Amino acid sequence: MAKKSSHQSRKREAMDVVDAKVAVDLATAQTYSENVFLFVPNLIGYSRIILAGVALHYMSYHPKYCTLAYCVSCLLDAFDGYAARALGQTSKFGAVLDMVTDRCTTSSLLCYLSSAYPAYAMYFQLLITLDFSSHYMHMYSSLVTGSRSHKIVTSDVSRILWYYYNDSRTLFVMCAGNELFFVALYLMKWIHTPLSESLGLNTGYLSGFTWAEALALLCLPICAIKNIINLVQLWKASKILVGVDLAERVAARQEVAQRGK
């Protein structure tokens, strides 16, 4: 009974297929009163892209401006989803815009870190690869299974991903901690004053560390967990896609067998 209910729930969450030409014509003919491109959460998304561009501009020579623009861009990520739900302006375009902005922003910072820490360049490149591949495959597996959102993950598919995507606090802490770790690594190239000097206090074990190094140590476990989740996401998406392939092959063989009768 539980399996039947779960199957019905997924069917309700499945999206209708729209012809590509029809979709293009609808987007071209949309009015200002119902223009998805101008939805408030999508306008927030555009501002995030602009701020990320500002951060990239200042990244190599002005750490304060860069960090401010980068962090504001990341913080706005927490507001576009809220605005979409509050205003009834959720959209597939907005969901993809949000994910693409996240991936490109983080990857740009990791590219800089690869040049700032050449000995660890391979690790940063692996993180970029894992981030892009896991999210792309997860998004694609969501689309081919008819899900309305990549954030709709049931516990019977993956308890880890279900908890990650369905608990807003967990999602915020994981994403924020991951980004703050990379920001801290960036700031470590610019900040060299130990906490004991900058605060004028004895901070014990952390006395010899700068505040950027202390922040990196604090956020390192969160970054590690976030990338383990990315691995889980990649593996589960791969299994879903393989399962879809197997189901289609069975259907194709059955069709051929019926034609032969």
Side-chain angles (χ1 to χ4, degrees), residues 44-78 80 95-140 150-151 160-161 164-165 170-192 209-235 237-238:
I44 294 174
Y46 306 147
S47 66
R48 290 186 61 208
I49 295 171
I50 293 171
L51 285 167
V54 171
L56 287 174
H57 175 74
Y58 287 113
M59 193 169 284
S60 62
Y61 69 95
H62 207 304
K64 289 183 180 179
Y65 289 169
C66 170
T67 303
L68 178 63
Y70 190 92
C71 289
V72 172
S73 176
C74 292
L75 282 173
L76 286 175
D77 187 27
D80 55 4
V96 175
L97 175 68
D98 182 57
M99 178 178 283
V100 170
T101 302
D102 288 342
R103 307 285 73 75
C104 293
T105 303
T106 304
S107 297
S108 297
L109 178 55
L110 289 173
C111 285
Y112 178 85
L113 293 177
S114 294
S115 63
Y117 301 94
Y120 301 94
M122 185 184 73
Y123 297 104
F124 293 123
Q125 290 165 354
L126 286 173
L127 288 176
I128 293 172
T129 303
L130 175 60
D131 195 37
F132 266 103
S133 59
S134 68
H135 283 86
Y136 177 81
M137 291 189 72
H138 178 64
M139 175 69 81
Y140 191 77
H150 67 281
K151 291 185 179 180
I160 293 174
L161 295 180
Y164 174 72
Y165 280 116
T170 300
L171 186 61
F172 177 80
V173 169
M174 288 292 107
C175 293
N178 186 62
E179 294 297 336
L180 282 174
F181 175 70
F182 298 136
V183 169
L185 291 181
Y186 166 71
L187 290 173
M188 281 167 52
K189 299 298 291 185
W190 304 88
I191 298 171
H192 307 289
F209 290 90
T210 65
W211 69 263
E213 291 170 338
L215 180 62
L217 286 172
L218 179 66
C219 295
L220 176 59
I222 299 175
C223 179
I225 294 171
K226 175 70 168 63
N227 283 283
I228 290 172
I229 292 172
N230 281 348
L231 280 170
V232 172
Q233 183 169 256
L234 178 64
W235 175 239
S238 299

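A quick note: this is a predicted structure, and the numbers were derived from the prediction, not measured.
Remark: Met99 CE to His135 NE2 distance equals 5.0 Å, nearest 0.5 Å. Remark: Phe181 CZ to Leu220 CG distance equals 4.5 Å, nearest 0.5 Å. Rounded to the nearest 0.5 Å, atoms CD1 (Ile128) and CZ (Arg103) are 11.5 Å apart. With rounding to the nearest 0.5 Å, the separation of OH in Tyr165 from CE in Met174 is 13.0 Å. In this structure, Met122 CE and Ser114 OG are separated by 11.0 Å, a value rounded to the nearest 0.5 Å. Rounded to the nearest 0.5 Å, atoms CD (Gln233) and CE (Met139) are 9.5 Å apart.
Of the candidates Asn178, Ile160, Leu234, Ile229 forms a side-chain contact (heavy atoms from CB on, under 4.5 Å) with just one, namely Ile160. Checked options Val96, Leu97, Asp98; the residue passing with Val100 is Val96 (criterion: side-chain contact (heavy atoms from CB on, under 4.5 Å)).
Looking at His57, its side chain never comes within 3.5 Å of a backbone N or O of Gly53 through a donor-acceptor pair. No donor-acceptor distance shorter than 3.5 angstrom exists from the side chain of Tyr70 to the backbone of Glu179, with no hydrogens or angles considered. Under a 3.5 Å cut-off, the side chain of Ser47 and the backbone N or O of Ile44 do form a donor-acceptor pair. In terms of modelled atom types and a separation under 3.5 Å, the side chain of His150 and the main chain of His138 share no donor-acceptor contact. A donor-acceptor contact shorter than 3.5 Å is absent between the side chain of Asp77 and the backbone of Ser73. No side-chain donor-acceptor contact under 3.5 Å links Thr105 to the backbone of Asp102.
The shortest non-hydrogen separation linking Leu109 to Val183 is CD2-N, 4.0 Å. Closest heavy-atom contact between Ser60 and Trp190: O-CH2, 3.5 Å. The two residues Ala212 and Ile191 come nearest to each other via the heavy atoms CB-CD1, 4.3 Å. Residue Cys66 comes nearest to Met59 through the heavy atom pair SG-CA, 3.7 Å, listed as atom of the first residue, atom of the second, then distance. Scanning both residues, Ile222 and Gly177, for their nearest heavy atoms gives CG2-CA, 3.7 Å. Nearest heavy-atom pair, Thr210 versus His192, reported as atom, atom and distance to 0.1 Å: CG2-C, 3.6 Å.
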**Study point:** Evaluation steps, side-chain contact (heavy atoms from CB on, under 4.5 Å), between Tyr65 and Val54
**Key:** CA-CA 8 Å; Tyr65 289 169; Val54 171; 5.9 Å; no

Practice item. Give the C-alpha distance, both sets of side-chain angles, the deciding distance and a yes or no for side-chain contact (heavy atoms from CB on, under 4.5 Å) between Leu185 and Met188. Key: CA-CA 5 Å; Leu185 291 181; Met188 281 167 52; 3.9 Å; yes

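The environment of CZ in Phe172 is sparse: at most 12 heavy-atom neighbours from other residues, nucleotides or ligands sit within 6.0 Å. When the shell of 6.0 Å around CZ of Phe209 is examined, it contains more than 12 heavy atoms from other residues, nucleotides or ligands.
Residues Leu126 and Leu130 fail the side-chain proximity criterion, which asks for heavy atoms closer than 4.5 Å. Between Leu187 and Glu213, every side-chain heavy-atom pair lies at or beyond the 4.5 Å cut-off. With a 4.5 Å cut-off on side-chain heavy atoms, Leu110 and Phe182 count as touching.
In this structure, Phe124 and Tyr117 have tilted ring planes: the angle between them lies in the 30° to 60° band. Under the 30°/60° scheme for interplanar angles, the aromatic rings of Tyr58 and His62 are found to stand perpendicular.
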